[in-house]
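Keep in mind it's a predicted model, so treat the numbers as computed, not measured. Order of listing sets the numbers, starting from 1, for every ligand and every atom in it. For the single chain, residues carry numbers from 1 onward in sequence order.
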Amino acid sequence: MMSTGWFTALTHLLFYLNLWRYTLLQALVDMAGNNRPFSEWVQLENFNCPAARCPSKKPFTWVCARDGNYTYMNALGRMKCSTNAHNGNIISWTWNCGDDFHNGEYLAADLEGFTFALSQAVQLMGKMGSAWVANLITELGKQYGH
Ligand SMILES: [Zn+2]
Ligand SMILES: [Zn+2]
């Protein structure tokens, strides 16, 4: 029969193992990018059309209208294409998802459209982290004058 002391020691061991596992998990989450710098770029893939009032609810991989390169954004509210030949604030960027709503035209995003698209981009938010997303929303608020 095991003594109480043995149980106590075992409980402590399990406690420290769990603690260690928890710390390791936190480290892995951080390494997975849960706390990315605001200036870090993320590619816009699986991202809904943020154009004002566009009814499309499909996610797209976005490319630059001028050269077809992939597009990126950061939490400072900036957009760019992969060569950085074209860049600007999110408010100045235009979007065309191909939906009939656009009538072939590139349209600006509004705050509502962009924050909705962002709210659907679960993978992106997980990758960049909550602080990154919160800062992006603050920057959008500044750009759109709210
Ligand atoms: Zn470009
Ligand atoms: Zn659209």
Side-chain angles (χ1 to χ4, degrees), residues 7-146:
F7 267 120
T8 308
L10 195 65
T11 309
H12 281 175
L13 183 68
L14 286 173
F15 174 77
Y16 284 114
L17 273 176
N18 276 333
L19 198 68
W20 182 78
R21 194 170 61 183
Y22 175 75
T23 309
L24 186 71
L25 200 67
Q26 278 301 114
L28 284 173
V29 164
D30 286 344
M31 269 161 51
N34 213 26
N35 194 18
R36 299 287 178 98
F38 300 152
S39 59
E40 190 163 323
W41 299 97
V42 65
Q43 194 200 325
L44 282 180
E45 52 184 355
N46 291 318
F47 199 74
N48 282 50
C49 183
R53 292 175 298 282
C54 178
S56 168
K57 293 286 172 281
K58 282 183 288 182
F60 298 95
T61 297
W62 292 90
V63 295
C64 178
R66 304 249 182 90
D67 51 32
N69 289 311
Y70 290 129
T71 53
Y72 298 78
M73 71 173 171
N74 68 17
L76 303 174
R78 302 284 298 174
M79 290 289 307
K80 68 162 192 169
C81 66
S82 60
T83 60
N84 203 28
H86 309 104
N87 58 68
N89 283 335
I90 285 170
I91 196 171
S92 68
W93 207 259
T94 55
W95 311 78
N96 182 4
C97 66
D99 190 279
D100 289 345
F101 171 81
H102 287 262
N103 213 2
E105 284 180 44
Y106 284 79
L107 304 170
D110 64 356
L111 187 61
E112 194 186 340
F114 204 91
T115 48
F116 178 79
L118 202 57
S119 73
Q120 301 298 297
V122 177
Q123 281 176 319
L124 182 153
M125 292 196 290
K127 186 177 169 191
M128 304 314 282
S130 55
W132 190 97
V133 173
N135 198 77
L136 174 57
I137 288 167
T138 303
E139 290 298 323
L140 285 170
K142 286 183 202 164
Q143 288 183 26
Y144 285 94
H146 288 265

- Got a donor-acceptor contact below 3.5 angstrom from the N74 side chain to the E40 backbone? no
- Item | Nearest heavy atoms of A109 and F114, plus distance in Å | CB-CD1, 4.0 Å
- Task: Return the set of protein N, O or S atoms whose distance to the Zn ion (ligand 2) is under 2.8 Å, each given as residue and atom.
- Result: C49 SG, C54 SG, C97 SG, H102 NE2
- Query: Parallel, tilted or perpendicular: which fits the ring planes of W62 and W95, with parallel below 30° and perpendicular above 60°?
  - Reply: perpendicular
- Going by the salt bridge (Lys or Arg N to Asp or Glu O under 4.0 Å) test, which pairs reach into residues 99-118, not counting sequence neighbours? none
Show which side-chain atoms of residues 117-126 pair as donor or acceptor with protein atoms under 3.5 Å away, not counting sequence neighbours.
residue, atom, partner, partner atom, Å
S119, OG, F116, O, 2.6
Q123, OE1, N46, ND2, 3.1

- Note on the structure: Looking at H86, the N/O/S atom that lies nearest to the Zn ion (ligand 1) is called ND1
- Query: Which N/O/S atom belongs to D67 and is the closest one to the Zn ion (ligand 1)?
  - Reply: OD2
- Query: With the Zn ion (ligand 1) at the center, what angle do SG from C64 and SG from C81 span, rounded to 10 degrees?
  - Reply: 120°
- Minimal non-hydrogen separation, N87 against W93, with atom names: CA-CZ3, 3.7 Å
- Message: Going by the rule ring-ring contact (aromatic ring centres under 6.0 Å, His included), which residues pair with W132 if we only count those two or more places apart in sequence or in a different chain?
- Response: none
